[in-house]
J.: 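I have a structure here, written as structure tokens, and I will follow up with some questions on it.
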Amino acid sequence: MYDAKKIESKWQKIWEKAKLYKTKDKVAGKKNFYHLVMFPYPSGDLHIGHWYNFAPADVYARLKRMQGFNVLSPIGFDAFGLPAENAAIKNKIHPKIWTYKNIDKMRHQLKSMGNVYDFSREVITADSEYYKWTQWMFLKMYEAGLAYRKKALANWCPKDQAILANEQVIDGKCWRHPDTLVIQKEIEQWMFKITDYAEDLIDGLEKLNWPERTKLMQKNWIGKSVGAIVQFKIPNTKYQIPVFTTRPDTLFGATYLVLSPEHPLVETVIAKEQKEKVRHYITNAHLKSELERTVLEKEKTGIFTGAFAVNPVNGEKIPIWISDYVLINYGTGAIMAVPAHDERDFEFAKKFNLSIIKVINPGCDWPEDKPYTEGGLMVNSGEFTGLNSVDGRKKIIEWLKIKRLGDFSIQYKMRDWIISRQRYWGAPIPIVYCKKCGIIPVSESKLPIKLPPLKNFKPVAGGKSPLASAKSFINAKCPKCKGRAARETDTMDTFVDSSWYFLRYADLKNKKQFASKDKLKAWLPVDMYVGGAEHAVLHLLYSRFFVKALKSMGHLEFTEPFTALRHQGIILGSDGQKMSKSRGNIVDPDELVKKYGADTIRMYLCFMGEYSQGGPWNSKGILGIKRFLDRIYAKFFSLQEMSYPLRRSSSAASRDTILKSEEKLQRLLHQTIKKVGDDIENLRFNTAISALMILFNSIEKENFSKDEAKIFLKLLSPFAPHLTEELWQRIGNNPDAIKGRGYDQERRRKSIHIETWPEYNAKFIEEEEYELVIQINGKMRDKIKISKKLERPEVEKLILEREIVKKYLDGKFPQKIIFIPNRLINLVV
RNA sequence: GGGCGAGUGGCGAAAUCGGUACACGCACAACACUUAAAAUGUUGCAGUCGAAAGACUAUGAGGGUUCGAGUCCCUCCUCGCCCACCA
């Protein structure tokens, strides 16, 4: 048993003093490699999920270092956000104090992991020197027309009388009042025009080395649909209703229109006699939550406006309905209903007894009670009858275009990004409202607009930010006319802060720019990004948008922030449930470190299973790793005690056997070097560790040569940086280092963590012989060691002569012989 | 409802290209050491039958392709994640 705690804290101190992990922007002869993990929110505790993200990722970073890269592996804190404010309201402590206290604690916890982090580059998004640049980026977005103010629907909690962030809406309900359904309320908000980049965001995915499912999620989220806008005129008025459809080929089957309750033309079109009923319906629809309108409500509702529109292709008058299954946010907020070929329209038409006209021939028997939604040959479609759906779409759109009644159109599900938050603990939006001059951006030289000290952090009535009670914000000066004006009191969504933090790591201290061109060039884009899959359509999408926007404004020279991305899995409680305080199934890494040491925890997390899979926590398994490290320590300790080096010897054994076992060991060693390197590279940490175990198990019995001992420690060092450092100094007979003495430069020079990754020799891995599996009718019956040089006829002859084979063949000759060199032979009888 | 994954010993899991299923570890059992326990070490450990050699059965269920399937195809079941009236 080795004293992990003692060894680990000793080396952590020495490394820090020697600035072992300080990263220079340029090192002669080394290529830069930017390795990044998603920075944590400073909740106050580094939980096991953070460990699972950071520890194996650090193993990867260490491999890269040893492979000769100049690796930047920074860490920081996503420090703005709601929990700080809630803690402030609850415990009467300023959000800033709460946050920075947590950061101090977490920094300490992070250091206990023994990662290669360069803490001199620590980003804290709540620092005014950081959010100054967040504000600067807002101004740039504003200048470029990418930030705009608009009335938008937001989540409104009727009980709190406040706007909620999306994250505060749990299953459609207010997080603090689980019985209160959140409703949509329209208020003025700042938005980022992420939709301008919809196409770029889809295109860029292709060349990214990301998990396919993440790319797919982003693609689905952006939700591109290709179709047409079709204009439906309202007779005897100047109005027409545009609808978006992906199936213009079914236009002849459009038997009614449906408007969203929020559609701007609703009031205009309602017939007098329907007015009351329709208004009643709309009011009801507005009272419903988003959840009710989308998920919960299975049965469709709707109401006839009393008005009609004209189908442009056949001049038919069709009724205009209103229903809340049509969303105002998508397409044009109105649809043409083709009940014969759309499930929702079909359901609606059945319920309200609207006519159903088939215009696509399924080409097979199709039940009457089901709409046919696929393509086929067009029927009942005037001059277009007989075309297939694909051609029909084009032809109809062309026809509409000539008549000026429609055009091609592409729609996206993705909506613009609402960044306004009616909250205190975030970066203030650098905008001033002047009665005379209107909306005026703060000038760059005045940045940062700092958060004013406040005492009360509760949202101001009516859903306004707490900043609305700050005098300096209410009584400000207009930058243009110098007259009285008011500052924007909303702060920015914290996802804005985290959309560019990876740029700042490259040049943290820069006061003139968010980062200099040189340093950006030195490090970006990020070569490997490791973090949770839950950010697939949040942070990972927003960051891509930011980089694309900054690039088109001329501030960056690359188009994608993260060249390669990998996700770790989620660790569940030992009960298989999500870890939570209320379930009491939380695993505390601090306690584990105390009990077993960081090296053991790092390694166990790597060993648990496939990295991207996660799974339930099993505390018993740690013992296996703990034992492994104990055995290693014991072995190396004895090596040091017994005048080193000590070579395996066996007086009784013949020279031949010794040579054979030498060769075997040599092969295993080189196989392991290759396997551990390859496995870490592919984030297959579990099998890398099992390879190390196999090597140690067989080498342990035979004893180490000095070279083998060194190689073994190097291979282990990414996983167990503290233990390997200790043993490295021991086998290097460096007592000063063991005792923590010596100059910093000396310590740095002698550390195992500046060593290079061992190289394997392919010649040693290759074997002249292999084990040939002998199958009879596909079943394994025998094995035989043979030379790789043997050709097929020789092998066949050899096999057929074997007694056991003869027994199975029972005098018959195989009808077929399948021979796979280096693997198996299958005799088919 | 749609999309994407996954299902292998008592447990965490290997098997990366269609070629020996269960590597490595945990748990368990026996033995050694010990007055004893823990720790450590050694051995065993998918199931059935068998004294053993070995045979048969096994990768969620059922079918198919193949000399050969955990891996490929079809149907179904279960679980997880994401999206969800997107026209």
Side-chain angles (χ1 to χ4, degrees), chain A residues 1 211-221 223-225 227 243-247 250 254 258 260 290-291 293-298 300 323-327 329-338 341-345 347-348 373 411-415 533-534 536-537 567 569-570 572 576 604 607-610 612-625 627-628 630-631 634 675 678-679 682 684 686-697 771-783 814-820 822-829:
Chain A
M1 282 269 280
E212 286 304 317
R213 67 187 167 118
T214 308
K215 291 203 231 178
L216 195 67
M217 256 195 245
Q218 289 211 351
K219 213 177 147 191
N220 291 342
W221 182 265
K224 180 179 178 176
S225 289
V243 306
F244 174 69
T245 177
T246 54
R247 294 293 302 276
T250 63
V258 189
S260 154
E290 186 91 358
L291 190 75
R293 271 179 66 166
T294 56
V295 186
L296 299 179
E297 205 153 77
K298 300 262 161 66
K300 288 195 174 23
S323 173
D324 61 11
Y325 84 87
V326 176
L327 308 172
N329 288 316
Y330 185 75
T332 61
I335 61 157
M336 66 178 213
V338 186
H341 305 293
D342 181 280
E343 281 177 32
R344 294 150 304 178
D345 298 344
E347 194 191 319
F348 194 85
T373 57
Q411 297 289 324
Y412 302 93
K413 287 184 201 171
M414 184 173 64
R415 297 165 200 178
E534 68 274 17
V537 290
H567 299 304
I570 296 168
L572 305 169
Y604 178 60
F607 189 58
M608 272 180 53
E610 217 215 271
S612 62
Q613 206 106 24
W617 176 258
N618 169 6
S619 49
K620 276 191 175 163
I622 305 176
L623 280 176
I625 296 292
R627 276 180 206 144
F628 181 52
D630 277 339
R631 273 165 60 208
K675 180 156 178 63
D678 290 353
D679 279 356
N682 295 312
R684 301 170 61 90
N686 51 341
T687 47
I689 292 173
S690 98
L692 283 169
M693 285 172 166
I694 291 168
L695 176 66
F696 186 76
N697 287 348
E771 199 167 55
L772 178 79
V773 168
I774 302 169
Q775 290 186 342
I776 292 165
N777 288 331
K779 282 206 164 144
M780 200 271 285
R781 294 299 182 184
D782 197 12
K783 286 181 227 179
Q815 300 163 5
K816 201 170 174 185
I817 298 177
I818 287 111
F819 176 61
I820 314 289
N822 294 333
R823 222 171 261 276
L824 60 75
I825 189 160
N826 188 11
L827 311 176
V828 185
V829 189

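It should be emphasised that the depicted structure is a prediction, and the values quoted were computed from it without experimental measurement. Residue numbers begin at 1 in each chain, while the letters A, B, ... track the order of the sequences.
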J.: Would you find a donor on one side and an acceptor on the other, under 3.5 Å apart, between the side chain of A:Arg247 and the backbone of A:Thr373?
T.: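 Here the side-chain-to-backbone pair exists.
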J.: Which one is paired to B:G80, where only Watson-Crick or G-U wobble pairs with both distances under 3.5 angstrom count?
T.: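 Checking every strand shown, B:G80 finds its partner in B:C4, with both distances under 3.5 Å.
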J.: With heavy atoms under 4.0 Å as the rule, sort A:Glu771 into base, sugar-phosphate or nothing.
T.: base
J.: For B:A27, does either OP1 or OP2 sit under 4.0 Å from a side-chain N or O belonging to A:Lys620?
T.: no
J.: Considering only heavy atoms and no angle criterion, is a donor-acceptor pair shorter than 3.5 Å present between the side chain of A:Lys300 and the base of B:C85?
T.: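 Under the 3.5 Å cut-off, the side chain and the base do form a donor-acceptor pair.
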J.: Between B:G9 and B:C17, how far is it from one P atom to the other, in whole Å?
T.: 22 Å
J.: Relative to each other, are the rings of A:Phe348 and A:Tyr325 parallel, tilted or perpendicular (30° and 60° limits)?
T.: tilted
J.: Assign each of A:Gly778 and A:Ile622 to its nearest nucleotide of RNA chain B by heavy atoms, then name whichever residue's nucleotide is nearer the 5' end.
T.: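 Taking each residue's closest nucleotide, the earlier one in sequence belongs to A:Ile622.
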J.: By nearest atom, which of the nucleotides B:A27, B:G19, B:G12 is closest to the A:Asn618 side chain?
T.: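 Out of B:A27, B:G19, B:G12, the nucleotide with an atom closest to A:Asn618's side chain is B:G12.
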J.: OP1 or OP2 of B:C26 versus the side-chain N and O atoms of A:Arg627: is any pair under 4.0 Å?
T.: yes
J.: Which part of the nucleic acid does A:Lys413 contact within heavy-atom distance under 4.0 Å: base, sugar-phosphate only, or nothing?
T.: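 If one applies the 4.0 Å heavy-atom cut-off, A:Lys413 turns out to touch a base.
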J.: Under a 90° cut-off about 0 for the syn range, is B:G9 syn or anti?
T.: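 With its glycosidic angle within 90° of zero, B:G9 counts as syn.
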J.: In Watson-Crick or G-U wobble terms, both distances under 3.5 Å, what is the partner of B:A51?
T.: none
J.: Syn or anti for B:C17? Use the chi torsion, O4'-C1'-N9-C4 for purines and O4'-C1'-N1-C2 for pyrimidines, with syn inside 90° of 0.
T.: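 B:C17: syn glycosidic orientation.
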J.: For the base of B:U20, is there a side-chain donor-acceptor partner from A:Lys779 under 3.5 Å away?
T.: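 There is none.
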J.: Using OP1 and OP2 only, check whether a side-chain N or O of A:Asn686 sits under 4.0 Å from B:A14.
T.: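 Affirmative; the distance criterion is met.
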J.: Mind calculating the distance between CG (A:Asn220) and P (B:G3) to the nearest angstrom?
T.: 10 Å
J.: Any side-chain N or O of A:Ser225 under 4.0 Å from OP1/OP2 of B:A87?
T.: yes
